[in-house]
A.B. asks: 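Encoded as structure tokens, here's the structure I'll be asking about.
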Amino acid sequence: MEDVLEVYHRRLDPAVPVVCMDEKPYQLLGHARDPIPARPGHDLKQDSEYVRHGTCSTFVWVEPLDGRRRVNARRQRTRVYWAHEVDHLLTIDYPDATRDVLVMDNLNTHTLGSLYEAFEPAKARDLATRLELHYTPKHGSWLNIAEIELSRLTRQCLDQRQVDWQFTASDARIKLRNLFPQL
């Protein structure tokens with residue numbers, strides 16, 4: 001936990017951006033019946049019945065210090081899709097960065113080994129050497145700023161766009177003292 005909190009207190013450095021990443025599965029739903037459009041004096045009417053059209057996995061990338069965000073949907077959560085998202089981060093979003101600091105959940109798909117499943121060894125190694133990984137602790141995904149962004153997107157709080165992280169390791173030692181070992 002303290003490792004992630006220390007990362008959040010780094011200064012903005014375009015050569016070493018701090019990026020938070022999270023992904024979330026979503027159900028894809030369609031209307032069982034077409035909605036009745038709104039008209040003067042009457043709201044849109046739609047049936048609560050829906051048709052399930054499968055699922056997708058939504059990737060969210062947030063650079064909190066610079067205010068940059070990117071969202072992308074893939075068919076499902078796989079190691080190869082994660083690797084391609086990382087490739088996009090390093091080659092398209094931050095091509096001039098010397099290193100990218102990446103904060104994310106510790107999922108089985110979020111490993112450097114995923115890069116080797118998706119790409120030739122030389123490219124995988126090139127991508128891996130540009131990453132500095134920081135995993136949120138188990139049961140500590142609330143530390144991931146990208147998870148906050150996913151929550152905002154889900155609740156459509158799109159006007160609340162800037163994260164101002166104030167929680168420090170000192171705060172954590174006080175507020176979460178029951179999680180620290182007692183001597």
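Nothing here was measured: the structure is a model prediction, and the numbers come from that model.
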A.B. asks: Should Val86 and Leu131 count as side-chain neighbours, where that means a heavy-atom distance under 4.5 Å?
C.D. replies: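 Side chain of Val86 against side chain of Leu131, heavy atoms only: contact under 4.5 Å found.
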A.B. asks: Using 0.5 Å steps for rounding, measure from the CG atom of Asp13 to the CZ atom of Arg10.
C.D. replies: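 Result: 9.5 Å between the selected atoms.
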A.B. asks: Regarding Thr111 and Arg79, do their side chains bring together a donor and an acceptor under 3.5 Å, going by distance alone?
C.D. replies: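 Yes, side-chain donor-acceptor contact under 3.5 Å.
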A.B. asks: Under 4.5 Å between side-chain heavy atoms, hopping through other hydrophobics if needed: is there a path connecting Leu65 to Trp61?
C.D. replies: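 Hydrophobic grouping puts Leu65 apart from Trp61.
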A.B. asks: Apply the test side-chain hydrogen bond (donor to acceptor under 3.5 Å, both in side chains) to residues His110 and Glu23: give CA-CA distance (whole Å), side-chain angles for both, the deciding distance (0.1 Å), then the verdict.
C.D. replies: CA-CA 10 Å; His110 300 168; Glu23 64 179 297; 2.6 Å; yes
A.B. asks: Which atom names give the shortest non-hydrogen contact between Pro121 and Tyr116, and what distance separates them?
C.D. replies: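 Distance-wise, the nearest heavy atoms are O-CE2, 3.8 Å.
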A.B. asks: Which atom pair, heavy atoms only, marks the closest approach of Leu28 to Cys56?
C.D. replies: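 Nearest pair, atom of Leu28 first, then Cys56: CD2-SG, 3.8 Å.
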A.B. asks: Is there a side-chain contact between His88 and Asp93 (heavy atoms, below 4.5 Å)?
C.D. replies: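 Yes, their side chains come closer than 4.5 Å.
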A.B. asks: Of the non-hydrogen atoms in Glu63 and Leu12, which two are nearest, and what is the gap between them?
C.D. replies: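 Minimum heavy-atom separation between Glu63 and Leu12: OE2-CD1, 3.8 Å.
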A.B. asks: For Arg99 and Glu132, indicate whether the former's side chain and the latter's backbone hold a donor-acceptor pair under 3.5 Å.
C.D. replies: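 No; zero donor-acceptor contacts below 3.5 Å.
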A.B. asks: Under the side chain to side chain contact (heavy atoms under 4.5 Å, CB included) criterion, do Val16 and Asp100 qualify, and how do the steps go?
C.D. replies: CA-CA 5 Å; Val16 185; Asp100 287 70; over 6 Å; no
A.B. asks: Do the non-hydrogen side-chain atoms of Tyr26 and Thr55 ever get within less than 4.5 Å of each other?
C.D. replies: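 Result no, sub-4.5 Å side-chain heavy-atom pair not found.
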A.B. asks: Spell out, yes or no, whether Val18 and Leu127 are grouped together once hydrophobic residues are joined by side-chain heavy atoms under 4.5 Å, including indirect joins.
C.D. replies: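 Looking at the clustering, Leu127 is in a separate group from Val18.
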A.B. asks: Under the 3.5 angstrom rule, does the side chain of Arg75 hit a backbone N or O of Tyr81 as a donor-acceptor pair?
C.D. replies: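 Judged by distance alone, no pair lies under 3.5 Å.
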A.B. asks: Taking atom types as modelled and ignoring hydrogens, do the side chains of Tyr50 and Gln27 form a donor-acceptor contact shorter than 3.5 angstrom?
C.D. replies: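 Absent: no donor and acceptor within the cut-off.
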A.B. asks: Would you find more than 12 non-hydrogen atoms of other residues, nucleotides or ligands less than 6.0 Å from Glu120 atom CD?
C.D. replies: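 No, the 6.0 Å shell around CD holds no more than 12 heavy atoms from other groups.
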A.B. asks: Indicate the atoms forming the closest heavy-atom contact of Val80 with Ala118, along with that distance.
C.D. replies: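 In terms of heavy atoms, the two residues are closest at CG1-CB, 4.1 Å.
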A.B. asks: Go through the steps to decide whether Leu44 and Gln46 satisfy the test side chain to side chain contact (heavy atoms under 4.5 Å, CB included), and finish with yes or no.
C.D. replies: CA-CA 7 Å; Leu44 170 80; Gln46 57 187 32; 3.6 Å; yes
A.B. asks: Before giving the answer on side chain to side chain contact (heavy atoms under 4.5 Å, CB included), spell out for Tyr8 and Val103 the whole-Å C-alpha distance, their side-chain angles and the decisive distance to 0.1 Å.
C.D. replies: CA-CA 9 Å; Tyr8 288 161; Val103 176; 3.6 Å; yes
A.B. asks: Quick check: closest heavy atoms across Asp47 and Arg33, and the distance to 0.1 Å?
C.D. replies: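 Nearest pair, atom of Asp47 first, then Arg33: OD2-NH1, 2.5 Å.
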A.B. asks: Using a 3.5 Å distance criterion without hydrogens, assess whether the side chain of Asp66 forms a donor-acceptor pair with backbone atoms of Arg68.
C.D. replies: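 Side chain of Asp66 to backbone of Arg68: no pair is present.
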A.B. asks: Is any side-chain heavy atom of Thr136 closer than 4.5 Å to one of Asn106?
C.D. replies: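 No, their side chains stay 4.5 Å or more apart.
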A.B. asks: Is there a donor-acceptor pair under 3.5 Å between the side chain of Thr98 and the backbone N or O of Ala15?
C.D. replies: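 Checked: pair present.
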A.B. asks: Is there a side chain to side chain contact (heavy atoms under 4.5 Å, CB included) between Val101 and His134 once you walk through the steps?
C.D. replies: CA-CA 7 Å; Val101 178; His134 294 269; 3.6 Å; yes
A.B. asks: Flag the pair Leu89 / Arg70 as yes when at least one side-chain heavy-atom distance between them is below 4.5 Å, and no otherwise.
C.D. replies: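 Counting from C-beta outward, Leu89 and Arg70 do come under 4.5 Å.
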A.B. asks: Should Asp43 and Lys45 count as side-chain neighbours, where that means a heavy-atom distance under 4.5 Å?
C.D. replies: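 No, every pair of side-chain atoms sits at 4.5 Å or beyond.
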A.B. asks: Measure the shortest side-chain to side-chain distance between Val62 and Val19 over non-hydrogen atoms and say whether it is less than 4.5 angstrom.
C.D. replies: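 A side-chain contact under 4.5 Å is absent here.
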A.B. asks: For the rings on His84 and Phe119, is their centre-to-centre separation under 6.0 Å?
C.D. replies: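 Yes - the distance between ring centres of His84 and Phe119 falls below the 6.0 Å cut-off.
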A.B. asks: Any chain of hydrophobic side-chain contacts (each under 4.5 Å) joining Tyr94 to Phe59?
C.D. replies: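 In one cluster with Tyr94: Phe59, yes.
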A.B. asks: Do Val7 and Leu133 sit in one hydrophobic cluster, given that two such residues count as connected whenever their side-chain heavy atoms are within less than 4.5 Å of each other, even indirectly?
C.D. replies: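 Hydrophobic grouping puts Val7 apart from Leu133.
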A.B. asks: Would you check if the side chain of Asp105 reaches a backbone N or O of Leu107 as a donor-acceptor pair within less than 3.5 Å?
C.D. replies: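 Not a single qualifying donor-acceptor pair exists.
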A.B. asks: One pair to check against side-chain hydrogen bond (donor to acceptor under 3.5 Å, both in side chains): Arg77 and Thr109. What are the steps and the verdict?
C.D. replies: CA-CA 8 Å; Arg77 182 176 75 89; Thr109 56; 3.2 Å; yes
